[in-house]
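Nothing here was measured: the structure is a model prediction, and the numbers come from that model.
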Amino acid sequence: MDEDCQQALNDDDMCIIIREPVKMTAYDRRFTELRALQAKRDRLIECEPINPQVLAVVERQIEKAQERFEIEGKRGLEDIWRKRHGIDEWRAGPGKEEYNASRRTVRATPNEKLTGWTLEQKERRKADKRSDNGWIKRRQEKGWTEDQIKCGLIVRQGERAATRKGQEQTTLDQATMEQLPGYGSF
């Protein structure tokens, strides 16, 4: 490295520009899709034994892509659509989890993510849900209150998890008991 480069690296006044990654708009995505299909058609035409059936399918795909491209071009000119799209971009950034949580009316947590689970784990979860639903129904028929059912269900699920892990759970500690809904109400 020569002296000029070394001095430039050591210079305190040197600014480094860090740019955000470019986000493709719907218009850009449709344009890219259309150009890729047109390039595919051109490659098919260049092949010596031209397959008319494949070429016809690609031509139809190009027509549909052209329609979608024109729709996005018109949408980009509408102020209302741009405003709505801007809101979606704003919601997708930081604070998305808070925004989504504020929209939930029944529960405070999002649905459980099952991606990465094996088929056996998913089947076990379904069986557990069926078992828990039957247990809840039987307790409702016995006249248990909602708080009693919630507490009992948490204990039941904890015991199930403990037995599956090969551990035995004798009693819940005080901190766990205080977290139960309706603790001390009955």
Is the closest basic N to carboxylate O distance between [X] and [Y] below 4.0 Å?
X: Arg125; Y: Glu112; answer: yes
X: Arg156; Y: Asp128; answer: no
X: Lys129; Y: Asp132; answer: no
X: Lys64; Y: Glu67; answer: no
X: Arg124; Y: Glu120; answer: yes

According to a 4.5 Å side-chain heavy-atom criterion applied to Ile, Leu, Val, Met, Phe, Trp and Tyr, with indirect links allowed, do [X] and [Y] form part of one hydrophobic cluster?
X: Trp144; Y: Val155; result: no
X: Leu77; Y: Tyr27; result: no
X: Val57; Y: Ile45; result: no
X: Ile62; Y: Val54; result: yes

Would a 4.5 Å heavy-atom cut-off, applied to side chains only, mark [X] and [Y] as touching?
X: Ile50; Y: Leu44; answer: no
X: Arg139; Y: Gln148; answer: no
X: Glu78; Y: Lys83; answer: no
X: Ile149; Y: Thr145; answer: no

Rounded to the nearest 0.5 Å, how far apart are [atom1] of [X] and [atom2] of [Y]?
X: Trp135; Y: Gln157; atom1: CH2; atom2: CD; value: 9.0 Å
X: Lys150; Y: Ile136; atom1: NZ; atom2: CD1; value: 10.5 Å
X: Arg84; Y: Asp79; atom1: CZ; atom2: CG; value: 12.0 Å
X: Lys142; Y: Lys137; atom1: NZ; atom2: NZ; value: 14.5 Å

**Asked** Between Arg82 and Gly76, what is the shortest heavy-atom contact and its length?
**Response**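 Looks like NH1-O, 3.0 Å.
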**Message:** Checking Glu63 now: which residues fulfil side chain to side chain donor-acceptor pair (under 3.5 Å) with it, not counting sequence neighbours?
**Reply:** Arg60
Under a 3.5 Å distance rule, please check whether [X] uses its side chain to pair with a backbone N or O of [Y] as donor and acceptor.
X: Arg30; Y: Ala65; answer: no
X: Arg75; Y: Trp81; answer: no
X: Ser131; Y: Ala127; answer: no

**Asked** Is there a side-chain hydrogen bond (donor to acceptor under 3.5 Å, both in side chains) between Gln38 and Arg35 once you walk through the steps?
**Response** CA-CA 5 Å; Gln38 289 172 342; Arg35 293 298 176 244; 2.7 Å; yes
**Message:** For the CD atom on Gln53, are there more than 12 heavy atoms of other groups (residues, nucleotides or ligands in this structure) within a distance under 6.0 Å?
**Reply:** no
